[in-house]
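Okay, structure first, notes after.
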Amino acid sequence: MVRKRAAMAAAGAVLTLTVVSTGAATGAATAAPVTSAPVAAVAADEPDPLPNFVGRNLFRVYSTVSAETALKIRDLSGEHRKVLWPPNWKVCTQSPKAGTKLRGGTLELGVVKTDEKCPKR
């Protein structure tokens with residue numbers, strides 16, 4: 001993600017290299033532009049594929065997905081608890097599945113407390 005952001009910031013920028021040489025007789029420094037080349041841009045429209053969050057801590061989800069992605073989190077224990085502290089929860093189910101390229105959509109997660117077992121599907 002960081003590489004894409006850096007490439008996007010550099011997209012369209014032009015790199016100019018300058019060589020400084022000293023004149024042998026005068027000792028004066030002169031500068032001459034050598035070359036200019038456009039920096040290659042990464043496809044900014046292509047989202048990263050979703051990792052497999054099943055079995056991982058819910059905090060990892062929050063720190064991984066982009067701000068454009070909405071999260072819909074559901075307690076799978078049947079107790080309808082609200083997630084107030086993500087590090088205390090683990091992911092049991094995810095939709096869409098890992099590998100899906102999602103940008104601006106909704107990631108649905110089924111979670112339980114970290115010391116609980118995930119229910120059978």
Side-chain angles (χ1 to χ4, degrees):
M1 193 68 131
V2 173
R3 288 179 285 170
K4 281 189 177 181
R5 287 184 183 147
M8 287 178 5
V14 176
L15 176 65
T16 303
L17 301 174
T18 305
V19 174
V20 177
S21 63
T22 58
T26 62
T30 60
V34 174
T35 185
S36 294
V39 176
V42 175
D45 294 338
E46 186 68 24
D48 290 333
L50 282 175
N52 185 7
F53 292 116
V54 175
R56 294 195 176 171
N57 190 282
L58 183 57
F59 183 76
R60 178 142 175 115
V61 176
Y62 280 98
S63 62
T64 304
V65 298
S66 73
E68 298 169 339
T69 303
L71 294 176
K72 183 177 179 182
I73 299 170
R74 185 170 52 105
D75 177 16
L76 294 179
S77 71
E79 297 178 30
H80 307 290
R81 301 172 291 189
K82 295 199 183 280
V83 175
L84 299 177
W85 189 247
N88 289 342
W89 297 80
K90 68 179 174 184
V91 178
C92 295
T93 63
Q94 97 178 45
S95 177
K97 64 182 181 176
T100 303
K101 295 184 179 185
L102 178 70
R103 172 172 286 154
T106 300
L107 176 59
E108 296 183 30
L109 302 169
V111 299
V112 294
K113 293 272 192 161
T114 54
D115 59 345
E116 299 171 352
K117 289 187 176 184
C118 290
K120 293 185 179 185
R121 299 180 207 184

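These values consider heavy atoms only, across backbone and side chains, with no hydrogens, waters or symmetry-generated copies. Numbers here are sequence positions counted from 1.
Between the side chain of Gln94 and the backbone N or O of Pro51 there is at least one donor-acceptor pair closer than 3.5 Å. Put simply, the side chain of Thr100 never gets that close to the backbone of Leu102: no donor and acceptor are under 3.5 Å apart. Formation of a donor-acceptor pair under 3.5 Å by the Thr93 side chain with backbone atoms of Gly110 is found in this model.
Surrounding CZ of Phe59 are at most 12 heavy atoms belonging to other residues, nucleotides or ligands under 6.0 Å away.
Residue Arg81 holds its CZ atom at 4.0 Å from CG of Asp75, rounded to the nearest 0.5 Å. Distance CD/Glu108 to CD1/Ile73: 11.0 Å, rounded to 0.5 Å. In this structure, OG1 on Thr114 lies 8.0 Å from CD on Glu116, to the nearest 0.5 angstrom.
Put simply, the side chain of Pro96 reaches to within 4.5 Å of the side chain of Leu50, judged on heavy atoms. Contact check for Cys92 versus Val111: no side-chain heavy atoms found under the 4.5 Å cut-off.
Both Leu109 and Trp89 are assigned to one and the same hydrophobic cluster, defined by single-linkage of ILVMFWY side chains at heavy-atom distances under 4.5 Å.
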Candidate pair Leu107 and Val61, rule side chain to side chain contact (heavy atoms under 4.5 Å, CB included), full reasoning: CA-CA 10 Å; Leu107 176 59; Val61 176; 4.1 Å; yes
Stepwise side chain to side chain contact (heavy atoms under 4.5 Å, CB included) check, Leu71 with Tyr62: CA-CA 9 Å; Leu71 294 176; Tyr62 280 98; 3.6 Å; yes
Stepwise side chain to side chain contact (heavy atoms under 4.5 Å, CB included) test for Asn57 and Lys90: CA-CA 4 Å; Asn57 190 282; Lys90 68 179 174 184; 5.8 Å; no
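Closest approach of Val112 and Ser77 over heavy atoms only: CG1-N, 4.2 Å.
Pairs passing the salt bridge (charged side-chain N to carboxylate O under 4.0 Å, His left out) check and including a residue from residues 55-68, sequence neighbours excluded, read Glu68-Arg103.
Test Pro87, Ser63, Pro86 against Leu58 for side chain to side chain contact (heavy atoms under 4.5 Å, CB included) and you get one pass: Pro86.
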